[in-house]
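Chain letters run A, B, ... following the sequence lines, proteins first, then strands; residues in each count from 1.
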Amino acid sequence: MAPTEETTEKPLDFIRQIVTEDKKSGKHPTPVTRFPPEPNGFLHIGHAKSICLNFGIASEFNGPCHLRFDDTNPSKEEDAYVKSIQEDVKWLGFDWGDNLFYASDYFDKLYDFAVELIKKEKAFVCDLTADEMREYRGTLTEPGKESPYQNRSIEENLELFQGMKDGKFEEGSHVLRARIDMASPNLNMRDPIIYRIMNVHHHRTGNKWCIYPMYDYTHCLSDSLENITHSLCTLEFADHRPMYDWVLDVLETPSHPQQIEFARLNLSYTVMSKRKLMQLVRDNLVSGWDDPRMLTISGLRRRGYTPKSIRDFCKEIGIGKRDSWIDMGVLENAVRNDLNVIAPRVMGVLDPLKVVITNYPKDTVEDIIAKNHPQNPDMGTRTLPFSREIFIERTDFLENAPKKFFRLDIGREVRLRYAYFITCVSVVKDETTGKILELHCTYDPETHGGNAPDGRKVKGTIHWVSAAQSLSCEIRMYDRLFNVENPDEDKDVDFKEHLNPQSLTSLTNCLVEPSLENLKPGSSVQFERQGYFCLDSKDSRPGKLVFNRTVGLRDSWAKRKK
RNA sequence: UGGGGCGUAGCCAAGCGGUUAAGGCACCAGGUUUUGAUCCUGGCAUGCGGAGGUUCGAAUCCUCCCGCCCCAGCCA
């Protein structure tokens, strides 16, 4: 390939560079990655970044990517979440093949490893209470104190640990701890807890266990048991890497994967943590995990985002180690780009204003041919009914409009898309309120199809629907969920205070062209001059259509008005 | 005032000692257009957190300083 042809390729991020080098050096001829969610909530756009990274590397280097559920804390986890997570990963377009794993699959092995640790005098059972433990841990600047239980004999530790497993002790009375260094400047190395007693039913192992391993102990071993080569996680785990390596160095394990950290995604005007998303759901501030305003994968799906748009977005933002804030506009731009190519164009009127074409014959309904996509003839055409009474957008008429207003005013001529030129003659108003009830216009029969034989031009082309044949529907308009860039910023103010009360506006008098009658729920269309909309997959019914606005079109006119 | 991570444009982000510091978003100015959409063209960092130093040559190496993020769960 000529060098010039390579210039469009996106440069490798630092993780792909490492993977590339490991392949070249023969250290890891094919990488094995994993996406390891805890099944304690729904996946969100932040997870998509990790999914695209892990599955993306796998497919680029022809290696597998495992889906592994990090289910070591049964008090928060549910089977419903594992289902939704699998659905979302698949929907995003990724495939883990046979490589579906659960940390809970390794509970037996993990227990045996813990016994090995005890036998090597690298772990001990500790009876300190949680409060005492905190005191003994020390602070950021002061070293901790060694546990009075740290010198128990191997035999005693073995017996106590067995007792923990057998349910002989109360929750909180004992934990198993790694024996490392209470004076370590890294708090994670101050004899961290690796097992705790929890009398909780586990969604997969039921009541078999009453002790559960901690993340730091489990994750590295799970990675090793699955022969993961590159264990990718977010920056806040960098401090845990010494522990990750310690466990794998002390124990006889199949492999020693490399943990690499990257920056998590921050998006403006939203919150990302599962805990906060959960609050919004629980407090009924949104309609559920899949509320179209939520940046969960299921919310985005219902909003009309395509898998490709989310993948493109993740590619666009890149992988690095700086704390970065991505503007919502970047996400919106990603859907627009995809939908612009694939969404059929149709006409829909959000706020209808009646127009009577006074010189058009009364009982005539005419077929108008319209393109389904202006740049893609392969998408074909459709016919639109046209008649004497139509509806246009209320915002497409303005009395005493400025010169630059390319729409309707008394005496002005516009083109009805694909149909005729019309000229506004008069306005009918409600005598008491002054509200505009309808417009009287005339059409030029010579302009059929939208072109004037005399070559005269009109600046504006507006969308319309035929009054008698249009379908009424509901359209839900969405705005950002929060009205500040970072709802988490002020620790003294609850993030819910920043909720945008206008985040959902339901328009119930909308009218769309009749071709939409049998549209499949979930499909996307562009309402010309308005934006991209998708038929809601939950609430839409035949005869009672409900659309979600995915995103508006770029609108330089609206910008100019400001 | 412990440890770890990070500072390149309004927002992301390449750059890995050697021509005028990629690219995208945003923004601005034109052009095409039966969507004020799309598309196309051009503009947009004498500058890489700051100050010194090394070098013929520094965003890249060294020193000091400044700023931001993370860590004291029996969460992940």
What interatomic distance, in whole Å, is found between [atom1] of [M] and the corresponding atom of [N]?
N      : M      : atom1 : value
B/rC27 : B/rG10 : P     : 15 Å
B/rC16 : B/rA21 : P     : 14 Å
B/rG43 : B/rG2  : C1'   : 50 Å
B/rC44 : B/rA37 : P     : 24 Å
B/rG4  : B/rA72 : C1'   : 14 Å
B/rA76 : B/rC71 : C1'   : 14 Å
B/rA22 : B/rA45 : P     : 10 Å
B/rC62 : B/rA26 : C1'   : 38 Å

With a cut-off of less than 4.0 Å, is there a side-chain N or O of [X] near OP1 or OP2 of [N]?
X        : N      : answer
A/Gln17  : B/rG15 : yes
A/Arg554 : B/rA26 : yes
A/Arg529 : B/rG36 : yes
A/Arg322 : B/rG49 : no

Once you round it to whole Å, what is the distance between [atom2] of [N] and [atom1] of [X]?
X        : N      : atom1 : atom2 : result
A/Gln530 : B/rG36 : CD    : P     : 10 Å
A/Phe262 : B/rA13 : CZ    : P     : 13 Å
A/Leu265 : B/rC12 : CG    : C1'   : 11 Å
A/Asp338 : B/rU38 : CG    : P     : 15 Å
A/Ile392 : B/rG36 : CD1   : P     : 13 Å

When you measure only distances, ignoring hydrogens and angles, does the side chain of A/Gln526 come within 3.5 Å of the base of B/rU35 through a donor and an acceptor?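 A donor-acceptor contact between them is present.
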5' to 3', nucleotides 69-76 of chain B under a 4.0 Å protein heavy-atom cut-off (B base, S sugar-phosphate only, - none) gives SBBBSBBB
Base partner of [N], which must satisfy Watson-Crick or wobble distances under 3.5 Å:
N      : value
B/rU63 : B/rA51
B/rC25 : B/rG10
B/rG2  : B/rC71
B/rG57 : none

When you measure from the centre of the six-membered ring of A/Tyr111, is the NZ or CZ of A/Lys165 closer than 6.0 Å and no more than 45° off the axis?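 Yes - A/Lys165 lies over the ring of A/Tyr111, closer than 6.0 Å to its centre and within 45° of its axis.
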ask   = Counting side-chain heavy atoms from CB outward, which of B/rA14, B/rA37, B/rG2 is closest to A/Thr141?
value =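 That would be B/rG2.
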| field | Residue A/Lys321, side-chain heavy atoms: nucleotide from B/rG24, B/rC6, B/rC12 that is nearest | value |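 Closest nucleotide to the A/Lys321 side chain: B/rC6.
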Aromatic plane relationship, A/Tyr420 with A/His448 - under 30° parallel, 30 to 60° tilted, over 60° perpendicular |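 Because their plane-to-plane angle is over 60°, the rings of A/His448 and A/Tyr420 count as perpendicular.
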Which label fits A/His219 and A/Tyr244: parallel for a plane angle under 30°, tilted from 30 to 60°, or perpendicular past 60°?
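Plane angle between 30° and 60°, so tilted.
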Could you pull out all donor-acceptor pairs under 3.5 Å where a side-chain atom in residues 333-340 of chain A meets a protein atom, sequence neighbours excluded?
from     : atom 1 : to       : atom 2 : distance (Å)
A/Asn333 : OD1    : A/Arg554 : NH2    : 2.7
A/Asn333 : ND2    : A/Asn337 : OD1    : 3.4
A/Arg336 : NE     : A/Gly552 : O      : 2.7
A/Arg336 : NH2    : A/Gly552 : O      : 3.4
A/Asp338 : OD2    : A/Thr306 : OG1    : 2.5

Within the structure shown, what part of the strands sits under 4.0 Å from [X] by heavy-atom distance: base, sugar-phosphate, or nothing?
X        : result
A/Asn40  : nothing
A/Leu553 : base
A/Arg345 : base
A/Gly450 : base
A/Arg407 : base
A/Phe69  : nothing
A/Pro374 : base

Between atom [atom1] of [X] and atom [atom2] of [Y], what is the distance when rounded to the nearest 0.5 Å?
X        : Y        : atom1 : atom2 : value
A/Met198 : A/Asn73  : CE    : CG    : 4.0 Å
A/Met164 : A/Ile197 : CE    : CD1   : 4.5 Å
A/Ile342 : A/Lys308 : CD1   : NZ    : 8.5 Å

- Item | Pair A/Glu226-A/His66, side-chain donor/acceptor within less than 3.5 Å |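 Yes - a donor-acceptor pair under 3.5 Å links their side chains.
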Problem set entry | Pair A/Glu393 + A/Arg407, salt bridge at N-O below 4.0 Å |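 Not counted as a salt bridge, because no side-chain N and carboxylate O are separated by less than 4.0 Å.
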